[in-house]
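Computed over heavy atoms, backbone and side chain alike; hydrogens, waters and symmetry mates excluded. Since this is a predicted model, take the numbers as computed values, not measurements.
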Amino acid sequence: NGYYRPMEWTPVEVGLSSDLKEPFAGSVSLTAQQDGLNTLTVSQAFVLMPDVSLPISFVTKFAFGASACDVTIRDDRGRVRDRIVRNLWDYSPQQRMLHAVQEQDLLLGLVGSTSFGLMRLPKETACTSARGPGQVFVGPKLARNVPWDWTGFAGLDLLILSDPDWSLLKPQQVRAICEWVSNGGALLLVLGRHPLPQDSPLRDSIPFLIGEPRQVEISPDAMNEWGLDSSRSQTVTGWQLSLKPGMPIAGGVESETVPLCGTGPVGFGRVAVVAFDPTQFGDSQVGRTAAFWTKQIVA
């Protein structure tokens, strides 16, 4: 959604199309200022078929206040066929393509459902850390635009996979997420109506085994811990979680029968799992969504 951390790896999508009658083979290069002294150029070869658009995924770096980036297309002989300069910065906030996220801010990447107050977090919460007070930013991303390389997630403090349609994610994208987590990233996985595929690499990269869905009653203590209204009973359909053998668990909340969520280490990173769709709480909890998500993020 245009958020980036200056001089940190950032994903960029470039879309190519043409009205040529024959296939076109060449390369596309993206050049941008990465700091006060250096520019960074990344390139990728491609073959463009007639009347078929082609998305190209890059990972690059932008300096704070980078004014523009240069996109150059060359044919297979290295001749420049097209060049476009995209302005990235404008003194008017409404015109800026990029929004710099500072060290004291919290940047959440979001793939999947935006419901149950996730998009209201920037207005209803703030970030406090040893670096001082900061803002919270939520950057939604379509499944088809999720990076294919783990470096594309490097600028995030947390990636939220909120019940995405897993059929829209390529195996390479899921493996990139797993690699990023193993290298020190933080993932919040929300399991809802879309079952996580049995062959998904994520099943090997989370601290829990996922069983069959069943109806469970949430205890008042669990509701209170999440900052929700516990004055009425709540039953939800959730996925059964069980801790993998030998896996230490950092924290979790259980219903009367099965765990509903938990957190555990994966490599150098961490994964939190919410085993149900929180939209099942209904309108009665709308005013408490920020407390619920804050609990999951802090975990």
Practice task
Would you mind reporting whether W180 and L159 have side-chain heavy atoms less than 4.5 Å apart?
Solution key: yes
Fill in the blank from the handout: CD1 (I160) and CD1 (I297) are apart, to the nearest 0.5 Å, by 5.0 Å
Practice task
For residues I206 and K244, report the shortest heavy-atom separation together with the two atoms involved.
Solution key: O-NZ, 2.8 Å
Practice task
Show your reasoning for whether side chain to side chain contact (heavy atoms under 4.5 Å, CB included) applies to L260 and I218.
Solution key: CA-CA 8 Å; L260 289 173; I218 303 177; 3.6 Å; yes
Exercise for the section: Please tell me if the side chains of L118 and L110 come closer than 4.5 Å, counting only heavy atoms from C-beta onward. Expected result: yes
Exercise for the section: Step through it carefully: locate the ring centre of F276, locate the ring centre of W226, and say whether they are under 6.0 Å apart. Expected result: yes
Problem - Any residue meeting salt bridge (Lys or Arg N to Asp or Glu O under 4.0 Å) with D229, in chain and number order, not counting sequence neighbours - result: none
Exercise for the section: Quick one: pull up CG in D82 and CG in D75 and give me the separation to the nearest 0.5 Å. Expected result: 12.0 Å
Problem - Salt bridge R5-D157, side-chain N to carboxylate O under 4.0 Å - result: yes
Practice task
State, yes or no, whether a side-chain contact exists between T237 and R214 at a heavy-atom distance under 4.5 Å.
Solution key: no
Problem - Check: T289/R120 side-chain N/O donor and acceptor closer than 3.5 Å - result: yes
Exercise for the section: Please name the residue in the list V181, V146, V59, L158 that meets the side-chain contact (heavy atoms from CB on, under 4.5 Å) test with F153. Expected result: V146
Handout entry: Side-chain touch P23/L48, heavy atoms, less than 4.5 angstrom
Key = no
Practice task
Heavy atoms only: give me the nearest A100-Q102 pair and the separation to one decimal.
Solution key: CB-NE2, 3.8 Å
Handout entry: Contact summary for Q173 and L168, nearest pair of heavy atoms
Key = OE1-O, 4.1 Å
Problem - Distance-minimising heavy-atom pair for T279 and S115 - result: CG2-OG, 3.1 Å
Exercise for the section: Evaluate whether atom CZ of R203 has more than 12 neighbouring non-hydrogen atoms of other residues, nucleotides or ligands under 6.0 angstrom away. Expected result: yes
Handout entry: Note, V12 side chain near F62 side chain (heavy atom, < 4.5 Å)
Key = yes
Fill in the blank from the handout: For P207 and L243 the tightest heavy-atom approach is O-CD1, 3.5 Å
Exercise for the section: Report the C-alpha separation of R193 and D277 in whole Å, then their side-chain angles, then the decisive distance to 0.1 Å, and conclude whether the salt bridge (Lys or Arg N to Asp or Glu O under 4.0 Å) test is met. Expected result: CA-CA 7 Å; R193 60 189 182 91; D277 182 357; 5.9 Å; no
Handout entry: Ion pair check, E13 and K141, cut-off under 4.0 Å
Key = yes
Exercise for the section: Report yes if some heavy atom in the side chain of L108 is under 4.5 Å from a heavy atom in the side chain of V136; otherwise report no. Expected result: yes
Exercise for the section: Decide whether N224 and D221 meet the rule of one side-chain donor and one side-chain acceptor closer than 3.5 Å. Expected result: no
Problem - Pair F46-I56, side chain to side chain contact (heavy atoms under 4.5 Å, CB included): steps then yes or no - result: CA-CA 8 Å; F46 68 90; I56 301 288; 4.1 Å; yes
Problem - Closest contact, heavy atoms only, M223 versus S230 - result: CB-CB, 3.7 Å
Handout entry: Beyond-backbone contact of V71 with S29, side-chain heavy atoms, under 4.5 angstrom
Key = no
Handout entry: From CA spacing to verdict: salt bridge (Lys or Arg N to Asp or Glu O under 4.0 Å), E8, K61
Key = CA-CA 6 Å; E8 182 59 88; K61 295 182 179 181; 5.6 Å; no
Exercise for the section: Check whether any side-chain heavy atom of I73 sits under 4.5 Å from a side-chain heavy atom of F24, and report yes or no. Expected result: yes
Exercise for the section: Enter the distance from S129:OG to D105:CG here, rounded to the nearest 0.5 Å. Expected result: 9.0 Å
Problem - Distance-only donor-acceptor check, side chains D163 and H194, under 3.5 Å - result: yes
Problem - Residue pair C69, T31: steps toward the side chain to side chain contact (heavy atoms under 4.5 Å, CB included) verdict - result: CA-CA 6 Å; C69 68; T31 301; over 6 Å; no
